[in-house]
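Input: a single structure, listed below in structure tokens.
All residue numbers in this chain count up from 1 along the given sequence. Both ligands and their constituent atoms are indexed starting at 1 by order of listing.
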Amino acid sequence: MKLMFLGAPGAGKGTQAEVVSERYNIPAISTGALLREAMANGTELGMKAKSYIDGGALVPDDVVIGIIKERLVADDCKNGFILDGFPRTVAQAKALDEMDIKMDGVVSIEVEDDAIIRRLGGRRLCGKCGSSYHVDYKPTAVAGVCDKCGGELITRADDKPEVIKSRLDVYHEQTEPLKDFYAAKGVLKPVIGQEKIEDTTALTIAAIESIRG
Ligand code: AP5
Ligand code: MG
């Protein structure tokens with residue numbers, strides 16, 4: 001099964017992709033996470049991406065298309081995958097078409113901008129394993145310490161209020177048109193993001209089960 005999660009920054013793509021990945025045993029591929037890994041490793045790609053990401057802009061299409069092409073040929077993608085945060089422009093979506101990759105379902109998680117701002121302000125990540133938490137909605141057992149690996153929690157550099165605003169603008173201008181693009185292909189599954197993470201998960205699973213038939 002080939003799935004895609006669309007949605008504004010902080011809509012819950014990564015949170016839901018993690019659950020869906022475990023349930024259906026397919027990898028969740030986040031271009032944002034791959035770029036942050038490259039940044040942490042100080043690679044040429046990471047250095048190129050940093051200024052775009054820190055400012056809330058999109059990394060150029062050719063760069064992210066290259067990353068995705070490389071990732072999707074890996075063995076673990078044979079039985080399907082979840083794309084989280086790719087494509088983000090019509091040009092990226094067309095590149096997937098050119099690769100002959102047909103999505104079975106595109107789940108669009110809908111959340112209002114003011115809720116997004118609250119969510120991203122409270123998000124924390126494990127600096128070691130990358131697990132994602134929230135100070136109110138998904139707290140760790142011990143404050144500041146990852147439940148999974150004991151690593152220290154950090155705040156993402158692009159979760160500053162002024163950068164969140166730019167990311168939302170970019171989403172509305174460049175990524176939201178993809179909803180029409182995939183609706184026209186008959187694969188769009190809108191999911192209204194709920195206050196509680198598990199309630200959004202239930203709606204997401206129901207949408208995916210409707211695709212599986
Ligand atoms: P990326 O890492 O993809 O960031 P994003 O799209 O801005 O989305 P986020 O990861 O911030 O949010 P999410 O939807 O995954 O939400 P999450 O589950 O964490 O990209 C970062 C940057 O990389 C981009 O800005 C761009 O520069 C670059 N980039 C990446 N892909 C690119 C591409 N294809 N082309 C060009 N550039 C690209 O949830 C957020 C928080 O809310 C969490 O703390 C969570 O616990 C909490 N939460 C989740 N669900 C709920 C709920 N239902 N109720 C309450 N809290 C919730
Ligand atoms: Mg994410």
Side-chain angles (χ1 to χ4, degrees), residues 4-21 28-40 45-46 48-69 71 82-96 107-126 130-140 147 153-160 163-176 178 191-204:
M4 183 188 294
F5 282 107
L6 274 183
K13 302 181 295 294
T15 302
Q16 300 303 332
E18 191 181 325
V19 180
V20 171
S21 164
I29 299 166
S30 156
T31 37
L34 291 170
L35 291 165
R36 279 188 293 280
E37 192 182 304
M39 275 158 58
L45 165 69
K48 194 169 172 190
K50 188 172 166 36
S51 60
Y52 296 101
I53 293 181
D54 287 355
L58 293 183
V59 173
D61 287 335
D62 58 327
V63 175
V64 281
I65 291 168
I67 293 175
I68 277 293
K69 277 191 175 156
R71 181 62 185 88
I82 304 161
L83 294 179
D84 159 7
F86 182 94
R88 269 173 143 92
T89 62
V90 172
Q92 292 177 20
K94 287 186 174 159
L96 270 185
V107 176
S108 175
I109 308 180
E110 309 289 337
V111 179
E112 299 289 333
D113 286 8
D114 50 351
I116 296 283
I117 292 163
R118 279 197 303 278
R119 283 190 193 180
L120 291 182
R123 174 164 61 184
R124 301 291 179 269
L125 293 184
C126 173
S131 293
S132 177
Y133 300 96
H134 192 281
V135 291
D136 298 318
Y137 305 120
K138 194 183 172 188
T140 48
D147 287 345
L153 299 193
I154 55 166
T155 302
R156 250 169 69 170
D158 59 348
D159 281 347
K160 294 189 195 96
V163 184
I164 294 172
K165 170 82 178 63
S166 310
R167 288 162 64 201
L168 278 170
D169 289 346
V170 166
Y171 170 73
H172 292 305
E173 276 163 31
Q174 301 195 50
T175 309
E176 220 168 2
L178 291 179
V191 162
I192 308 295
Q194 304 294 308
E195 188 63 28
K196 285 196 184 142
I197 293 175
E198 55 270 30
D199 292 343
T200 306
T201 302
L203 294 176
T204 302

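- For ligand 1, one of its N or O atoms has an N or O atom of A57 under 3.5 Å away.
- Scanning all protein heavy atoms for the shortest distance to atom 12 (O) of ligand 1 gives G10 N, 2.8 Å.
- Residue-ligand proximity, I53 to ligand 1, at heavy-atom distances under 4.0 Å covers atoms 23 (O), 27 (O), 28 (C).
- Atom numbering of ligand 1 starts at 1 in the shown order; those under 4.0 Å from a heavy atom of Q92 are 33 (C), 34 (N), 35 (N), 36 (C).
- Counting the atoms of ligand 1 from 1 in the order shown, those under 4.0 Å from a heavy atom of G14 are 13 (P), 15 (O), 18 (O).
- Proximity annotation for atom 14 (O) of ligand 1: of Q16, M39, K13, K13 comes nearest, heavy atoms only.
- By the side chain to side chain contact (heavy atoms under 4.5 Å, CB included) test, A202 is found to be paired with no residue, residues two or more places apart in sequence or in another chain being considered.
- Distances between N or O atoms of E195 and those of ligand 1 include at least one value under 3.5 Å.
- Here D169 pairs with K165 under the salt bridge (charged side-chain N to carboxylate O under 4.0 Å, His left out) rule; sequence neighbours left out.
- For ligand 1, the atoms closer than 4.0 angstrom to any heavy atom of Y137 are 55 (C), 56 (N).
- Numbered from 1 in the order shown, with element, the atoms of ligand 1 that lie under 4.0 Å from a heavy atom of T200 read 53 (N).
- Residue contact check: T15 has heavy atoms under 4.0 Å from atoms 17 (P), 18 (O), 39 (O), 45 (C), 49 (C) of ligand 1.
- When atom types are taken as modelled, the side chain of T89 and the backbone of Q174 share no donor-acceptor pair closer than 3.5 angstrom.
- In this structure, the side chain of R119 engages the main chain of A11 through a donor-acceptor pair within 3.5 Å.
- Within the 4.5 Å cutoff, the side chain of V19 has no heavy atoms near those of the I197 side chain.
- Within the 4.5 Å cutoff, the side chain of L35 has heavy atoms near those of the V64 side chain.
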